[in-house]
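The next block holds one structure in the form of structure tokens; read it before the comments.
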Amino acid sequence: MTIEHEAVVSPMRRAAAGMPGKVWLVGGGPGDADLLTLKAARLLANARVVLYDHLVGEGVLALLPVQARRICVGKRSRKHSMPQEEINALLVRLAGEGNDVVRLKGGDPYVFGRGAEEALALAEAGIEFEVVPGITSAQGMASYGGIPLTHRGLATSVVFATGHCREGGEDPDWAALARPHQTVVIYMGLARLDTICRELMAHGLPATTPAALVEQATTSRQRVVEGALGGLPALAAQHRVAAPALIVVGDVVRLRSDLAWFHPAPPAWTWAVREHALTA
Ligand code: SAH
């Protein structure tokens, strides 16, 4: 592990010698801190400067040393607190000043995380970096939601797609997403749920295709709303599903009735248990 080794040269001495620091682009996973890789956990425990997003779980941030400098560069659907170019520039500047920087991102840095844009900016600036993979939210949702991504007889392929298109950007290849025997997981799709369901049906998926919305997967606030593709927008409105959430479409959703094992306790229940413990 190099971060401990490099820390031997203090950032101040390194900066004085004109040596840049190094950046670790770290996947923070979908929420549950137990899903971090050992490498990510070790880097977090030794971090001095950390740039993180809103999507990073509280339990993950709790692993940072108290003295670590934390910079929230946030990003919530439609509320970008720092433009991507500024994040790239900040990483380059901090590392250029001699700091070792942990750039902590939700899920996996290279799955709809714009991690590659940051890595390209670092490469261009001649800053050394490493990328540490994380469990992407689709995988977290599959395990903790009881919805396998593939299953013999039900799905022979899986597609991760984004529902959020850049202004004037190209639309997803709906025909490719609407193939049979395929699981489709859509990131950042909630705001366009109506269009997504409509297009998938227009391109051949029956309205009865099993589908689900998984909100805050792997966390104590995980919720799964399950139904049929045709009725998904109405279900989302009825249950007030909010970001971060994934849309899952495919026959594998049917397996959930047998495979759901993760039942996070609602906060009220946790309180009831605590009060019981106090009064018992
Ligand atoms: N790099 C991340 C994705 C970032 S894009 C990853 O690999 O997971 C942000 C989108 O990811 C959100 O809009 C949502 O669709 C999805 N997402 C991230 N964390 C999630 C979670 N815990 N539960 C459900 N969806 C999540």
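Just so you know, ligand 1 is whichever comes first in the structure, and atom 1 is the first atom listed for that ligand. The structure presented is a predicted model; accordingly, all values stated were derived computationally and were not measured. FYI, the numbering just counts along the sequence from 1.
Close contacts between ligand 1 and Gln216 involve ligand atoms 22 (N), 23 (N), 24 (C) [criterion: under 4.0 Å to a heavy atom]. Taking a cut-off of under 4.0 Å to the non-hydrogen atoms of Val111, the atoms of ligand 1 that pass are 1 (N), 2 (C), 3 (C), 6 (C), 7 (O). Remark: ligand 1 atoms within the under-4.0 Å shell around heavy atoms of Val214 are 24 (C). Close contacts between ligand 1 and Leu246 involve ligand atoms 15 (O), 16 (C), 24 (C), 25 (N) [criterion: under 4.0 Å to a heavy atom]. Close contacts between ligand 1 and Phe112 involve ligand atoms 3 (C), 4 (C), 5 (S) [criterion: under 4.0 Å to a heavy atom].
Put simply, the side chain of Thr218 never gets that close to the backbone of Gly140: no donor and acceptor are under 3.5 Å apart. Under a 3.5 Å cut-off, the side chain of Gln139 and the backbone N or O of Thr136 do form a donor-acceptor pair. Between the side chain of Ser257 and the backbone N or O of Arg254 there is at least one donor-acceptor pair closer than 3.5 Å.
Backbone and side-chain nitrogen or oxygen atoms of Ser137 are examined, and one is located within less than 3.5 angstrom of a nitrogen or oxygen of ligand 1. At least one N/O-N/O distance between Thr136 and ligand 1 falls below 3.5 Å. The N/O atoms of Gly189, backbone and side chain alike, include none that comes under 3.5 Å of an N/O atom in ligand 1. Between Gly31 and ligand 1, no N or O atom pair is found at a separation short of 3.5 Å. Residue-to-ligand polar distances keep Glu215 apart from ligand 1: every N/O pair is separated by 3.5 Å or more.
Taking hydrophobic clusters as Ile, Leu, Val, Met, Phe, Trp and Tyr residues chained together by side-chain heavy-atom distances below 4.5 Å, Tyr110 shares a cluster with Leu91.
A salt bridge does not link Arg179 to Asp173: none of the charged nitrogens lies less than 4.0 Å from a carboxylate oxygen. Under a 4.0 Å N-O distance rule, the pair Glu58/Arg221 qualifies as a salt bridge.
Atoms CD and CZ, on Gln67 and Arg48 in that order, are 9.0 Å from each other to the nearest 0.5 Å.
Comparing Pro244, Ala138, Ala245, Gly106 by heavy-atom distance to atom 15 (O) of ligand 1, the nearest is Ala245.
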Begin from the C-alpha positions of Glu118 and Arg103 and carry the test salt bridge (Lys or Arg N to Asp or Glu O under 4.0 Å) through to its verdict. CA-CA 9 Å; Glu118 298 175 12; Arg103 170 67 174 112; 2.9 Å; yes
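Nearest heavy-atom pair across Pro148 and Leu259 is CG-CD1, 3.6 Å.
Distances shorter than 4.0 angstrom do not occur between any heavy atom of Thr218 and any atom of ligand 1.
Residue contacts with ligand 1 for Ala243 are absent, since no atom lies close enough (heavy atoms, distance under 4.0 Å).
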